[in-house]
Each structure stands twice: as structure tokens, then as C-alpha cells.
Amino acid sequence: MVEKPAITPVVAELAARFAAGGKRLYLVGGSVRDAVLGRPTNDFDFTTDARPAEIQKLLSGWADAQWDTGIAFGTVGASKQGEIIEITTFRADVYDGVTRNPEVTFGDSIDGDLVRRDFTVNAMAYDIAASEFVDPTGGLAAAREGVLDTPATPQESFGDDPLRMLRAARFVSQLGFTAAPRVVEAMRSMAGQLTRITPERVQVELSKLLCGAHPRRGIELMVETGLADIVLPELTAMKLEIDEHHQHKDVFDHSLVVLEQAIDLEDVDQSPDLVLRIAALLHDIGKPATRKFEPGGGVSFHHHEVVGAKMVRKRLRALRFSKEITEDVAKLVYLHLRFHGYGNGEWTDSAVRRYVTDAGDLLTRLHKLVRADCTTRNKRKANLLRRTYDSLEERIARIAAEEDLARVRPDLDGNEIMKLLGLPPGREVGAAWKYLKELRLDRGPLERDEAEAALLDWAREQGITPPAS
């Protein structure tokens with residue numbers, strides 16, 4: 001039995017109003033698809049045979065508010081009792097084959113509107129007044145079978161809008177569907193057309209893909225079809241060849257495992273953590289550039305975390321990710337290896353303080369990334385790594401409780417430094433502050449007289465003569 005969309009009293013009232021005016025109102029797109037799949041949704045879109053001016057007239061006197069910011073595309077917005085409603089006139093757009101921007105043309109039939117959409121599971125409508133589905137392209141069957149296919153030929157669909165290829169990978173991730181063979185083949189042959197799409201639009205699709213329930217499937221489809229070569233070539237580069245003489249992990253497969261394990265560590269009551277997921281996927285991005293074959297058959301990737309952090313910044317900036325996301329991911333990539341110097345707990349308290357301070361607000365994410373990265377087929381080694389990280393977290397908790405690690409500051413502030421050394425604001429005060437912070441990290445909290453004595457000793461070494469007390 002197919003699950004029908006839940007129609008609120010407001011929507012039922014609106015449909016009746018359209019019917020009284022001789023017009024039809026359909027629920028369409030993702031909200032219909034999600035209802036069929038039993039997925040929750042709060043995104044409701046409507047389509048109608050009414051033209052924009054007629055929509056406005058039908059809404060007038062009924063809606064609490066109305067707006068026309070999308071009217072050039074046939075969309076009129078309104079609100080009623082807190083519900084947001086967007087209604088679009090049937091479309092029969094024509095694409096120019098150069099950009100992804102269609103020439104907006106209004107249509108006369110619901111079937112004509114649906115067949116121009118991206119995938120059959122998104123090309124279903126629900127006639128609210130008649131309480132029945134409209135499914136001209138087999139979307140209901142595709143939803144039941146978990147198959148992602150296009151209403152027209154994939155070549156025609158992707159030629160109209162190449163972004164649909166990336167949307168295919170995104171829906172594979174979000175819905176857990178399998179792309180139809182003809183869709184995969186078209187993506188493979190047409191991947192180069194993604195260059196027509198702006199980085200901003202690519203970034204939005206990638207973000208949605210990574211935050212899906214099955215991101216590994218979407219990523220593998222991108223790599224298999226060559227989409228990754230266009231939008232995220234570092235992914236393909238991680239598929240390093242492994243020969244019989246130089247054994248090491250498959251970096252690409254390892255990165256996908258780390259991504260899945262990081263997702264398992266996310267808080268179940270929180271939204272997907274995009275920063276953690278990007279960091280998990282790209283944490284070894286620097287390995288291909290740093291791979292070195294060692295005598296005896298070994299392989300090394302020295303300083304791949306340093307190279308990787310630089311590569312992450314370059315790629316995420318190119319994809320127009322925000323500065324905050326870019327820097328957070330780069331820092332996680334840079335720090336993800338540091339734990340492996342912990343050994344069996346040989347770090348001093350000073351090293352633990354630096355680990356916490358360098359991670360800053362990213363410490364919780366760093367914990368998850370490092371744990372997710374502890375992948376090995378050797379169960380004994382894996383258990384040892386987990387126990388070792390448990391001990392590190394316990395030490396962090398102990399020192400944090402004793403010293404308030406979340407707010408590590410020098411034992412003297414800037415004003416006290418200037419007064420003690422007789423300095424005006426400037427570089428020398430900044431250098432003194434930095435020295436005291438390093439001292440705080442090395443030795444923990446100091447008594448005031450100890451901090452003052454250390455600062456005076458440092459000042460004399462710098463050629464600074466404090467005023468006579």
C-alpha cells in the first residue's frame with residue numbers, strides 16, 4: 001500500500017478554494033516522494049494550472065501574507081496560520097544547452113510539468129482534491145524498487161542541466177537508491193559537462209551528499225563515473241595502485257571506512273556534522289603527494305598531514321565553502337596524526353595541554369576523527385589504540401578539571417605585562433604575552449611571583465630594561 005501525503009487542514013482548504021475557482025492544485029516533488037518512501041518532510045511545493053496572476057487572486061483575502069519574489073519563474077508565495085506555501089504554475093521550460101538556466105515557459109498539463117523534472121521519483125504529483133497520485137513516468141515503481149532513473153533519456157536530462165548528474169549522486173546518498181545502468185553510463189560519458197556549473201552549486205550538492213544517510217554510495221558513484229575528476233579530483237587520486245612489493249592500505253577505501261566510522265560517532269540527536277564528515281573523507285588527502293617507497297618494501301607518507309591541510313584549504317576555497325568550514329577542516333586534517341606520537345602514554349602534561357589548546361573548539365571533533373581513523377584488521381592493535389586514546393581523554397579530563405584547559409591564558413594579562421616591563425602597547429607586549437602562554441602550556445599554572453620573575457628574566461634576555469620597582 002502506497003503511503004499518501006499528509007494533507008493539513010490549511011492545504012485542504014486551499015485546494016478547495018482552487019477547485020471552486022476552476023483550478024487544480026497538486027502537491028509535487030520531494031514531498032510526494034518522501035511520503036511514498038515513508039520519510040518525514042516539512043518541504044511542501046505545489047503546482048497548478050493557474051497562471052501567476054490567477055494564483056495571486058485566489059490567495060487574496062485568504063492568505064495571511066503573500067509575496068511575489070519568484071513570480072518571474074511562475075512562483076507565488078504565501079503564509080497561512082504559520083504554514084508557508086509556494087505555488088508554481090505548470091512549467092514547460094526549454095534549455096539552451098550552454099547554461100543550466102532554462103527559458104521559463106508555462107505549460108498546460110500536469111503530465112507536461114512532471115516529465116521535465118530530473119528523476120522519476122521526483123516526477124510524481126498528488127492531486128489534493130481528487131486524493132490520487134499522478135505518475136506519468138513510473139516514479140511509484142522506481143521508489144518501490146529503489147532505482148534512480150530519469151523521465152526522459154539521461155542524455156537529454158543531463159544535457160539540459162548537468163548539475164543533475166551530481167544530484168544523482170546526492171540522491172543515491174540520501175535515499176540509498178541505486179542509479180539505473182543507463183544513468184550511470186550517461187554520467188560517465190557526460191561528466192565533463194559539469195564544468196558548466198558554478199562552484200557554489202557544486203558545493204551545495206556535495207554538502208547535501210555528505211550529509212546523507214549513505215554518503216559512501218554517493219561518493220563511490222562520483223568516482224566511478226568520473227564526476228569526482230571534475231569537482232573533487234583528490235578523491236580519485238587517493239585510489240593509489242598497490243603492488244606486491246609495496247603493501248599499504250587502499251587510501252581511498254580507508255578514507256570511506258573512516259567516514260563511516262566517524263558518522264557512527266556523531267551525536268544521534270544532532271544534525272549530520274558536515275565539518276567532521278569532510279575531514280574524515282579528506283584526512284589522508286596528502287598521501288598521494290607524499291608517498292615514498294622505502295627499502296624492504298615499506299611505504300611512507302611523511303608529513304602528509306601538513307601537505308593535506310594545504311590541499312584541503314585550496315580545494316574547499318575553490319568550491320566556495322565558508323572560511324569557517326575550510327579552516328576547521330584544514331585544522332582537523334593537520335592535527336589528525338598527532339595522537340600517534342602519544343605512544344603508550346609517554347606525553348608529558350605539557351604535550352597534553354598543547355594538544356587541547358591547538359585543537360581548541362574542535363577538540364570533540366578531533367576525538368571522533370582520531371578514533372574513526374584507528375582502522376586496522378588486527379583486532380588486538382585496534383583495541384590497543386582505542387584503550388590508548390581512552391587514557392589520553394582521561395588525562396585531558398583530569399588536567400582540564402585542575403587547570404581549566406578550555407581557557408588557557410598567560411598568568412599575567414597584557415595590562416600587567418605593560419606595567420611590569422614599562423612598555424607601551426606594541427609588538428614587544430605581544431611577544432611577552434606569547435612567551436608567558438608557552439610557559440603556561442609547559443609548566444601549568446604559575447603563582448604570580450613565579451610568573452613575574454620568569455617574565456623579568458625573559459625581558460632582560462630580550463634587551464628590555466624593566467623600570468626600577
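For the salt bridge (Lys or Arg N to Asp or Glu O under 4.0 Å) condition, the pairs that include at least one residue of residues 126-143, sequence neighbours left out, are R24-D127. For residues 211-232, the set of pairs meeting the side chain to side chain donor-acceptor pair (under 3.5 Å) definition, not counting sequence neighbours, comprises T178-R217, R188-E224, R216-E220, R216-D253, R216-E260, D229-T236. The salt bridge (Lys or Arg N to Asp or Glu O under 4.0 Å) pairs that include a residue from residues 170-180 are R170-E205, where partners are two or more places apart or lie in different chains. Screening residues 157-213 for ring-ring contact (aromatic ring centres under 6.0 Å, His included), with sequence neighbours left out, gives F119-F171.
A salt bridge links R117 to D113: at least one charged side-chain nitrogen sits closer than 4.0 Å to a carboxylate oxygen. Between D358 and K331, no side-chain nitrogen of the basic residue sits less than 4.0 Å from a carboxylate oxygen of the acidic one, so the salt-bridge criterion is not met. A salt bridge is defined here as a Lys NZ or Arg NE, NH1 or NH2 lying under 4.0 Å from an Asp or Glu carboxylate O, and D108 with R51 meets this definition. Salt bridge status for R371 with D390: present, with a side-chain N to carboxylate O gap under 4.0 Å.
Under the 3.5 Å distance criterion, with hydrogens and angles disregarded, a donor-acceptor pair is assigned to the side chains of H283 and H254. With hydrogens and angles left out, the side-chain atoms of S131 and Y126 include a donor and acceptor closer than 3.5 Å.
Taking CZ from F321 and CD1 from I278, the interatomic distance works out to 4.0 Å, rounded to the nearest 0.5 Å. Between the CG atom of L332 and the CG atom of L369 there is a distance of 6.0 Å, given to the nearest 0.5 Å. Considering CG of L274 and OG of S322, their distance stands at 8.5 Å, rounded to 0.5 Å. Here the straight-line distance linking atom NZ of K287 with atom OG of S255 works out to 7.5 Å at 0.5 Å rounding. In this structure, the separation between CG on L281 and CG on L235 is 5.0 Å, given to the nearest 0.5 Å. With values rounded to the nearest 0.5 angstrom, D373 atom CG is found 5.0 Å from H336 atom NE2.
By the side-chain hydrogen bond (donor to acceptor under 3.5 Å, both in side chains) test, S157 pairs with R164, sequence neighbours left out. Applying the side-chain hydrogen bond (donor to acceptor under 3.5 Å, both in side chains) criterion to T88, with sequence neighbours excluded, gives T75. Scored by the side-chain contact (heavy atoms from CB on, under 4.5 Å) test, A125 finds Y26, V28, I110, L114, V134 as partners (sequence neighbours excluded). Annotation: side-chain hydrogen bond (donor to acceptor under 3.5 Å, both in side chains) contacts of N122 (sequence neighbours excluded): R33, D118. Shown here are the side-chain hydrogen bond (donor to acceptor under 3.5 Å, both in side chains) partners of D328, two or more places apart in sequence or in another chain: there are none. Not counting sequence neighbours, the partners of L58 by the side-chain contact (heavy atoms from CB on, under 4.5 Å) test are F18, K23.
The 12-atom threshold is exceeded at CD of E200, counting heavy atoms of other residues, nucleotides or ligands nearer than 6.0 Å. The neighbour count for D64 CG, taken as heavy atoms of other residues, nucleotides or ligands under 6.0 Å away, is above 12. Other residues, nucleotides and ligands contribute more than 12 heavy atoms inside 6.0 Å of the NE2 atom of H340. More than 12 non-hydrogen atoms from other residues, nucleotides or ligands lie less than 6.0 angstrom from CZ of F339.
The two atoms that bring V231 and P233 nearest to each other are C-CD, 3.7 Å, heavy atoms only. Minimum heavy-atom separation, T326 to V312: O-CG1, 4.4 Å. Contact record, D250 with M238: OD1-O, 4.4 Å, taken as the closest heavy-atom pair. Between A168 and M187, the shortest heavy-atom distance links the atoms CB-SD, 4.0 Å. The two atoms that bring G218 and V172 nearest to each other are N-CG1, 4.0 Å, heavy atoms only. Nearest heavy-atom pair across I55 and G74 is CD1-O, 4.4 Å.
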- Task: For the pair Q203 and S207, evaluate side-chain hydrogen bond (donor to acceptor under 3.5 Å, both in side chains) and give the outcome as yes or no after the intermediate values.
- Result: CA-CA 6 Å; Q203 181 258 109; S207 296; 3.1 Å; yes
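Panel note: side chain T48, backbone L25; no donor-acceptor pair is recorded below 3.5 Å.
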Extract all donor-acceptor atom pairs below 3.5 Å that involve side chains of residues 77-87 and protein atoms in other chains or at least two apart in sequence.
{"residue": "K80", "atom": "NZ", "partner": "W62", "partner atom": "O", "Å": "2.9"}
{"residue": "E83", "atom": "OE1", "partner": "T8", "partner atom": "OG1", "Å": "3.1"}
{"residue": "E83", "atom": "OE2", "partner": "T8", "partner atom": "OG1", "Å": "3.3"}

Can you list, pair by pair, the side-chain donor-acceptor contacts under 3.5 Å of residues 262-269, counting residues two or more places apart and other chains?
{"residue": "E266", "atom": "OE1", "partner": "R277", "partner atom": "NH2", "Å": "2.9"}
{"residue": "E266", "atom": "OE2", "partner": "D273", "partner atom": "N", "Å": "3.1"}
{"residue": "E266", "atom": "OE2", "partner": "R277", "partner atom": "NE", "Å": "2.9"}

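Looking at heavy atoms from C-beta onward, V36 lies in side-chain contact with F133 at the 4.5 angstrom threshold.
For F90 and F106, the ring centers are positioned 6.0 Å apart or more.
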